[in-house]
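Following: one structure in structure tokens, then a few remarks.
We count residues from 1, following the sequence as given. Counting starts at 1 for both ligands and their atoms, in listed order. Heavy-atom basis, side chains included; hydrogens, waters and symmetry copies ignored.
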Amino acid sequence: MAETILVTGGAGYIGSHISKALALSGYVPVVYDNLLSGHRELVRWGEFVHGDICDYTALSLAMRCHNISGVVHCAALAYVGESIANPDAYYHTNVTGPLNVLRAMQACGVSKIVVSSSCAVYGHADGAPITEDTPLQPISPYGFTKFVMERMLDDFDMAYSVRSAALRYFNAAGADADADCGEWHTPETHLVPRIVMTALGRIPELHIFGNDYPTPDGTCIRDYVHVTDIAQAHVNAMRYLSEGKPSCKVNLGTGRGYSIKELVDAAEAMFQKKIPCVIHPRRAGDPAALVADARYARTLLQWMPVCSSLDAILATGMRFTQSFIGHD
Ligand code: UDP
């Protein structure tokens with residue numbers, strides 16, 4: 001019989017792609033989301049339960065009613081800058097939230113969980129590709145909440161045998177190839193959708209936050225991974241845990257970084273449009289370069305990014321943005 005998986009945050013950007021990937025792989029996703037930043041329109045695969053991860057009663061009821069056998073935990077607040085201004089909300093949602101999820105799992109006899117972690121747990125890396133053994137030195141409250149969640153998983157594994165896969169996302173970008181789901185935040189602050197919105201004339205110019213970083217062109221370097229690849233990694237991780245394998249923490253990146261200027265150049269070539277850019281001061285909490293050493297995911301989870309070229313990211317991002325009127 002097909003396994004039912006609770007996807008917290010399944011109405012959000014990454015969670016909706018994960019729900020689709022799970023459904024395509026024979027799982028039955030059940031989306032649990034408070035719709036604070038998620039969208040009901042993005043819940044297309046499986047049932048929807050409107051609820052908050054900080055509401056233990058509702059959460060455990062959802063797990064019990066749907067006979068859940070595993071959890072993908074994506075629900076979180078995810079802006080570095082906002083976490084510096086409002087750490088209270090971040091510790092509440094990103095630490096109390098996963099604690100509730102783990103408690104509810106125990107109450108319902110669920111023992112496997114795949115979670116959204118982040119390369120923000122590493123903090124300022126020295127520019128070399130980041131392996132999973134790179135010391136964890138988060139520099140923002142957001143990164144620290146993900147670090148605490150990972151520690152909580154270790155402790156719950158040791159004490160209660162809850163097995164987990166913490167997937168440390170680098171920069172998720174792009175959208176579903178069928179434009180069934182995509183990046184839809186209000187306001188939208190991420191680089192790829194901002195580039196697309198500038199190309200479409202929905203915003204007059206792209207602000208580049210800092211051109212004086214110690215990188216070849218002075219702009220920040222990030223490892224952009226297509227969201228469809230990220231979603232597939234959750235399916236692989238769930239299968240890995242189902243095989244009884246031990247808990248793990250794994251980078252999800254491509255191993256190749258691009259600067260902001262390189263992204264703009266690629267977008268100008270692809271969309272055949274000039275993208276007006278204005279240099280602004282650095283954004284608080286931005287490391288100069290974050291690039292994954294992506295080899296561990298390949299050996300452990302048999303995962304490789306297959307649609308993470310810049311062209312695929314920009315083309316699918318553009319298609320989704322165009323198909324969603326009012327998405328700005
Ligand atoms: N960025 C930028 N202009 C924007 C949005 C982002 O220059 O309008 C920069 C940001 O400072 C960072 C990189 O692009 O160096 C990626 O930012 P994003 O918010 O997409 O992801 P993050 O790395 O913060 O997770």
- Message: I need the atoms of ligand 1 closer than 4.0 Å to a non-hydrogen atom of Ile208, numbered in the order shown.
- Response: 7 (O)
- Note on the structure: Closest to atom 11 (O) of ligand 1 among protein heavy atoms sits Asp286 OD2, 2.5 Å
- Query: Do any N or O atoms from the side chain of Thr316 and from the backbone of Asp176 form a donor-acceptor pair under 3.5 angstrom?
  - Reply: no
- atom 20 (O) of ligand 1: nearest protein contact (heavy atom, Å): Leu191 N, 2.8 Å
- Query: Do Arg282 side-chain atoms and Asp212 backbone N/O form a donor-acceptor pair below 3.5 Å?
  - Reply: yes
- Item | Within the 6.0 Å centroid threshold, strictly below: His39 and Tyr13 | no
- Item | Minimum-distance protein heavy atom relative to atom 3 (N) of ligand 1 | His207 O, 2.6 Å
- Query: Would you say the ring centroid of Tyr32 lies under 6.0 angstrom from that of His73?
  - Reply: no
- Query: For ligand 1, is any non-hydrogen atom under 4.0 Å from Asn171's backbone (N, CA, C, O), its side chain (CB onward), both, or neither?
  - Reply: side chain
- Query: Using heavy atoms and a threshold below 4.0 Å, how should the contact between Arg222 and ligand 1 be classified: side chain, backbone, both, or neither?
  - Reply: side chain
- Task: Would you mind listing which atoms of ligand 1 come within a distance below 4.0 Å of any non-hydrogen atom of Cys220?
- Result: 15 (O)
- Task: Counting heavy atoms only, name the option from Arg283, Arg282, His190, Lys261 that's nearest to atom 24 (O) of ligand 1.
- Result: Arg283
- Message: With ring pair (Phe, Tyr, Trp, His ring centres under 6.0 Å) as the test, pick out the partner of His234 among Tyr169, Trp303, Tyr27.
- Response: Tyr169
- Item | Aromatic plane relationship, Tyr90 with Tyr142 - under 30° parallel, 30 to 60° tilted, over 60° perpendicular | perpendicular
- What residue and atom, counting heavy atoms only, is the protein's closest point to atom 9 (C) of ligand 1, and at what distance? Ile260 CD1, 3.5 Å
- Query: Which one of Phe209, Tyr224, Phe170, Tyr79 has a non-hydrogen atom at the shortest distance from atom 4 (C) of ligand 1?
  - Reply: Phe209
- Among protein heavy atoms, which lies nearest atom 5 (C) of ligand 1, and at what distance? Thr189 O, 3.2 Å
- Query: Would you find a donor on one side and an acceptor on the other, under 3.5 Å apart, between the side chain of Arg222 and the backbone of Phe170?
  - Reply: no
- Flag if over 12 foreign heavy atoms under 6.0 Å of CG, Asp217: yes
